Amino acid sequence: MSVLRPMDKLPGLNTATILLVGTEDALLQQLADSMLKEDCASELKVHLANSLPLPSSVTRPRIDLIVFVINLHSKHSLRNVEESLHHVDATFFLGKVSFLVTGAGRESHCSIHRSTVVKLAHTYRSPLLFCDLEIEDFRATMAQRLVRMLQICAGHVPGVSALNLLSLLRSSENPSLEDL
């Protein structure tokens, strides 16, 4: 079993790399395109994967941030993310992993309850973001946020680390696990 580790590759000079993991290929590609349109002082690299582990034969740069995308309309999406999490080293969860949930706008069509993904994020102590990626304006706003998070996780923002970011995002969450 191949485990993805945050420091298994050397960082590229002024390069920030994000890995988007999810089953919704079209939405991931649209989000990646929106991210690449953003103004960024670093060279931005976006990699897409349906699931982990990544093929070991492919040369790839160091991954600075992993975003697991869960579609609330697909149980397969949640299962895929849960299985992929087993291929991520624990040190990645020190601020370099985030969960992005899409499809919450049409709750009547949801196959997965919101509390399920809230518990998943809480279990892995990782930020949980909600965004309807099918709406272009929302997708553009999320792209801006992810680019900023990526710059921090890559170490390109002086005085702020991935752990600082994690601490800030965790303290802004409303519900505690006991409230669910």
Side-chain angles (χ1 to χ4, degrees), residues 3-22 24 27-49 51-54 59-70 81 84-85 87-102 104 117-133 135-177:
V3 175
L4 192 59
R5 290 179 171 69
M7 300 298 179
D8 64 349
K9 304 275 185 181
L10 291 174
L13 183 61
N14 204 27
T15 301
T17 306
I18 187 170
L19 176 63
L20 301 175
V21 180
E24 306 293 325
L27 290 178
L28 289 181
Q29 187 60 54
Q30 290 173 348
L31 180 60
D33 292 342
S34 294
M35 290 180 69
L36 292 171
K37 289 177 187 174
E38 290 300 315
D39 186 28
C40 181
S42 311
E43 179 187 348
L44 185 62
K45 293 184 179 179
V46 180
H47 290 263
L48 307 178
S51 63
L52 295 178
L54 295 174
T59 59
R60 59 167 177 78
R62 183 177 82 166
I63 305 296
D64 297 304
L65 176 63
I66 301 174
V67 178
F68 290 100
V69 181
I70 301 170
V81 166
S84 294
L85 286 166
H87 300 283
V88 178
D89 187 69
T91 54
F92 250 114
F93 295 99
L94 297 174
K96 292 182 176 266
V97 170
S98 181
F99 295 96
L100 173 59
V101 178
T102 187
V117 291
V118 169
K119 288 177 185 176
L120 179 69
H122 187 269
T123 300
Y124 285 95
R125 304 278 191 234
S126 297
L128 177 63
L129 308 168
F130 286 91
C131 178
D132 193 348
L133 294 177
I135 299 173
E136 187 176 348
D137 290 341
F138 293 164
R139 187 172 54 245
T141 302
M142 182 54 62
Q144 287 176 340
R145 187 171 189 182
L146 289 176
V147 166
R148 190 64 176 159
M149 288 173 62
L150 176 59
Q151 288 176 313
I152 292 169
C153 291
H156 298 168
V157 178
V160 184
S161 70
L163 278 173
N164 294 132
L165 177 65
L166 177 63
S167 175
L168 289 170
L169 290 173
R170 295 284 303 153
S171 66
S172 67
E173 290 180 357
N174 294 336
S176 66
L177 188 60

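Small disclaimer: the values here were computed from a predicted structure and weren't measured.
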What pairs with L129 under side chain to side chain contact (heavy atoms under 4.5 Å, CB included), at least two apart in sequence or on another chain? S98, L100, M142, R145, L146, M149

Tell me, please, which residues at least two apart from T123 pass side chain to side chain contact (heavy atoms under 4.5 Å, CB included). none

As a quick check of understanding, evaluate side chain to side chain contact (heavy atoms under 4.5 Å, CB included) for V117 and V81, giving each step before the final call. CA-CA 10 Å; V117 291; V81 166; over 6 Å; no

Looking only at heavy atoms, the pair that brings L4 and R60 closest together is CD1-NH2, 3.1 Å

Applying side chain to side chain contact (heavy atoms under 4.5 Å, CB included), can you list everything that pairs with D39, at least two apart in sequence or on another chain? none

Tell me every residue that passes salt bridge (charged side-chain N to carboxylate O under 4.0 Å, His left out) with R62, counting only those two or more places apart in sequence or in another chain. D64

Nearest heavy-atom neighbours spanning L31 and R139: N-CD, 3.7 Å

Residues that R148 engages under side chain to side chain donor-acceptor pair (under 3.5 Å), provided they are two or more places apart: Q151

Does P61 reach the side chain of H47, with side-chain heavy atoms less than 4.5 Å apart? yes

Verify whether one side chain among N164 and S167 offers a donor that lies under 3.5 Å from an acceptor in the other. no

Checking T102 side chain against C131 main chain: does a donor-acceptor pair fall under 3.5 Å? yes

Can you see which heavy atom on A49 is nearest to which on L28, and at what distance? O-CD1, 4.2 Å

Can you see which heavy atom on A41 is nearest to which on N14, and at what distance? O-ND2, 3.4 Å

Ring pair (Phe, Tyr, Trp, His ring centres under 6.0 Å) with F99: which residues, sequence neighbours excluded? F68

Would you compute the distance between atom CD of Q29 and atom CG of L20 and round it to the nearest 0.5 angstrom? 9.5 Å

Start with the C-alpha gap between F92 and I63, add the side-chain angles, then the distance that decides, and say whether side chain to side chain contact (heavy atoms under 4.5 Å, CB included) holds. CA-CA 10 Å; F92 250 114; I63 305 296; 4.1 Å; yes

May I have the step-by-step check of side chain to side chain contact (heavy atoms under 4.5 Å, CB included) for L85 and Y124, ending in yes or no? CA-CA 9 Å; L85 286 166; Y124 285 95; 3.4 Å; yes

Taking all non-hydrogen atoms of both residues, which atom of C153 and which atom of G95 are closest, and how far apart? SG-O, 3.3 Å

On a heavy-atom basis, the closest approach of L166 and S126 is CD1-CA, 4.3 Å

Residue among L36, L44, V46, I18 satisfying side chain to side chain contact (heavy atoms under 4.5 Å, CB included) with V147: L44

Any side-chain to backbone donor/acceptor pair from D33 onto Q30? Under 3.5 Å, distance only. no

Rounded to the nearest 0.5 Å, what's the gap from CG on D132 to CG on L27? Could you check? 8.5 Å

